[in-house]
S.K.: 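Okay, here's the structure, questions in a sec.
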Amino acid sequence: MKIKSPLEVYNYLPRTNCGECGYDTCMSFAAHILDRSAKVEDCKPLVEEAKKDPKIKEKLDELLELTAPEILEVAIGTGDSAIKIGGEEVLHRHELTFFNPTAFFYDVWDTLDDRAIDERCSRVVEYRKFYVGKFLTLDGIAVRCTSGDPKRFREVVKKVAGYGKPMVLVSLDADCMKAALEEVAETRPLIYAATEGNWKEFLELSLDYNVPVVLRAKDLDVLKSMAATFRQAGVKDIVLDPVTDPLGEGLKGTFERVIQLRRTAIAGEDKDVAYPIMVTPIAAWLIDGDEVTKSYWEAVIASMFIVKYADVMIFRSIDQHVVMPTITLRFNIYTDPRTPVQVEPGLRPINDPSPEDPVFITTNFALTYYTVESDLTSGGIKGWLLVLDTGGLGVEVSVAGGQFTASKVKELIEETKIAEKVNHKILVIPGLAARLQGAIEDETGWKVLVGPMDSGRIKGWLENNWPPQD
Ligand code: SF4
């Protein structure tokens with residue numbers, strides 16, 4: 001984004017403070033444009049005026065260009081399952097946040113039999129991993145032409161399209177690619193890849209079928225020159241592949257090219273490299289061909305480029321030892337550091353509790369909540385768990401910072417009507433909140449017991465403390 005202050009954005013807005021964008025003032029809207037929690041198009045008066053007045057249209061276009069992300073955002077697929085890649089603003093997550101997680105595609109190839117293709121596609125579609133309150137899933141399927149036969153490639157691409165996932169079509173042969181695009185262009189697949197040898201045909205295909213295209217070259221000058229040619233010809237959605245070649249040259253070369261591309265782009269020095277980056281960890285071990293012993297390399301290589309700066313990847317292995325670490329790392333790198341991971345506050349019954357069972361309280365910081373919830377559930381403990389809105393902060397920090405207070409506990413007790421569900425007025429607070437014991441008793445009229453420091457010890461603690469003797 002070229003604009004750095006809300007005042008600069010404000011100068012482009014109607015400045016009527018009409019509130020149609022959902023913000024009280026134009027200045028507030030401008031601030032949200034800068035952190036990308038609002039879009040310029042949400043200012044309806046500006047958009048409507050631009051339709052009538054060419055000068056306002058010019059102003060709107062200028063604002064859109066100035067507030068566009070440094071790295072172009074490219075959509076693959078259509079409808080609800082479409083994914084966006086790129087759209088990044090910074091080199092380091094702590095400077096703002098990363099926006100679009102690296103998209104993970106898993107390949108099938110057209111010399112596989114149909115049963116094997118179905119089996120691999122189903123595994124991609126069905127994969128779900130529960131992690132910190134969310135289900136993590138895989139993004140799409142890459143269909144590789146290994147037969148060299150346009151008819152077979154088209155057939156397989158059609159079959160895979162039936163799974164409804166975004167696709168990358170992989171072939172250097174323009175005839176094969178054309179056959180596939182005739183079948184599935186409207187699903188907006190990413191085509192891979194234009195090279196020094198075939199770029200003219202792929203330029204035509206990308207324009208004719210209006211699909212995003214990957215440009216592939218190890219020499220960054222060649223890559224940049226291809227990108228400039230495609231852009232000038234009218235191709236908007238470009239992805240760059242600087243070639244992942246860990247066996248040929250070692251990972252150092254790939255790493256350096258990726259870093260150089262992204263640094264130059266974010267610095268705004270060269271818009272011909274300001275595109276999403278493709279990395280293919282699969283290349284590392286296919287050459288040796290021993291899938292069982294080499295597949296872990298995909299996890300190793302992918303990890304490096306999830307951190308820096310791959311926007312899309314093609315994998316071969318769908319085994320847990322590759323998928324689980326990479327998808328977990330991706331989640332952690334792409335969570336917004338400005339917003340703690342949190343869960344909904346409220347009341348959770350655990351293990352079908354009765355009115356005699358204890359009432360616990362914890363915070364809505366996701367890691368704390370899921371640890372406590374899992375310790376209670378797996379320990380077979382029946383109870384009522386109150387989840388306090390601390391803005392996603394853990395117990396110790398929120399007690400110190402004033403987000404975990406006696407008055408907020410009172411509000412939560414009232415909102416959840418917990419007193420109507422139990423036949424006692426006893427609350428168990430975390431050991432780390434012990435200093436609030438007296439204040440909560442005074443504020444709520446409930447008796448407060450101080451539980452253990454660690455929720456893993458609740459079971460043993462209950463054996464000695466529940467039901468209370470007096
Ligand atoms: Fe200002 Fe536009 Fe928002 Fe109205 S809709 S408050 S003019 S930014």
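Because only heavy atoms are used, hydrogens play no part in the values below, and waters and symmetry mates are left out as well, while side chains stay in. Numbering of ligands and ligand atoms starts at 1, following listing order.
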S.K.: As an exercise, identify every atom of ligand 1 less than 4.0 angstrom from a heavy atom of P14.
M.R.: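 Reading through ligand 1 atom by atom, the close ones are 7 (S).
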S.K.: Using the six-membered ring wherever Trp is involved, compare the ring planes of Y131 and F331 and label them parallel, tilted or perpendicular (cut-offs 30° and 60°).
M.R.: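 Y131 vs F331 ring planes: perpendicular.
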S.K.: Distance to the ring centre below 6.0 angstrom and angle to the axis at most 45 degrees; does that hold for R216 and Y192?
M.R.: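 Here R216 fails the 6.0 Å and 45° test against Y192.
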S.K.: Let me check your reading of the structure: within less than 2.8 Å of atom 1 (Fe) of ligand 1, is there an N/O/S atom from C43?
M.R.: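 Here the distance criterion (N, O or S atom, under 2.8 Å) is not met by C43, so no.
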S.K.: Might you point out which heavy atoms bring A194 and F230 nearest each other, and give the distance in Å?
M.R.: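 In terms of heavy atoms, the two residues are closest at CB-CZ, 3.9 Å.
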S.K.: Among all protein heavy atoms, pick the one closest to atom 8 (S) of ligand 1 and tell me residue, atom and distance.
M.R.: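 It is F29 CD2, 3.4 Å.
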S.K.: Can you tell me how far the CG atom of L412 sits from the CG atom of D389, to the nearest 0.5 Å?
M.R.: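 Going from CG on L412 over to CG on D389, the span is 9.0 Å.
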S.K.: Could you tell me which atoms of ligand 1, counted from 1 in the order shown, lie closer than 4.0 angstrom to a heavy atom of G19?
M.R.: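 The list of qualifying atoms is 4 (Fe), 6 (S).
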S.K.: So if I count the atoms of ligand 1 from 1 in the order they appear, which ones are less than 4.0 Å from some heavy atom of P45?
M.R.: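 Answer, ordered by atom number: 5 (S).
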S.K.: Measure C18 to ligand 1 on non-hydrogen atoms and call it side chain, backbone, both or neither using the 4.0 Å cut-off.
M.R.: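 Contact part for C18 vs ligand 1: both backbone and side chain.
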S.K.: Describe, in one word, how the ring planes of H92 and H94 are oriented to each other, choosing from parallel (under 30°), tilted (30 to 60°) and perpendicular (over 60°).
M.R.: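 Ring orientation of H92 relative to H94: parallel.
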S.K.: To the nearest 0.5 angstrom, please state how far the CD1 atom of I333 sits from the CZ atom of F98.
M.R.: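 Those atoms lie 7.0 Å apart.
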S.K.: For F99, does the six-membered ring have the charged nitrogen or CZ of R36 within the cation-pi criterion, i.e. under 6.0 angstrom from the centroid and within 45° of the normal?
M.R.: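 The answer is yes; both the distance and angle limits are met.
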S.K.: Do any of the N, O or S atoms of C21 sit under 2.8 Å from atom 3 (Fe) of ligand 1?
M.R.: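 It does; at least one qualifying atom falls short of 2.8 Å.
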S.K.: Answer side chain, backbone, both or neither: which part of D24 comes under 4.0 Å from ligand 1, heavy atoms only.
M.R.: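 The answer is neither; D24 stays 4.0 Å or more away.
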S.K.: Within less than 4.0 angstrom of ligand 1, does L46 place any heavy atom?
M.R.: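 No; L46 lies far enough from ligand 1 that no heavy-atom distance drops under 4.0 Å.
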S.K.: In this structure, which one of V170, V184, V156, V168 forms a side chain to side chain contact (heavy atoms under 4.5 Å, CB included) with V143?
M.R.: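 That would be V156; it is the only one of V170, V184, V156, V168 passing the side chain to side chain contact (heavy atoms under 4.5 Å, CB included) with V143.
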S.K.: Check each of G22, A30, C26 against atom 1 (Fe) of ligand 1 and report the one with the nearest heavy atom.
M.R.: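 Looking at heavy atoms only, C26 sits closest to atom 1 (Fe) of ligand 1.
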S.K.: At a 4.0 Å threshold, what atoms of ligand 1 neighbour a non-hydrogen atom of T16?
M.R.: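 Every atom of ligand 1 under 4.0 Å from some heavy atom of T16: 7 (S).
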S.K.: Using a strict cut-off of 4.0 Å, indicate which atoms of ligand 1 neighbour a heavy atom of N17.
M.R.: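 Ligand 1 atoms under the 4.0 Å threshold to N17: 6 (S).
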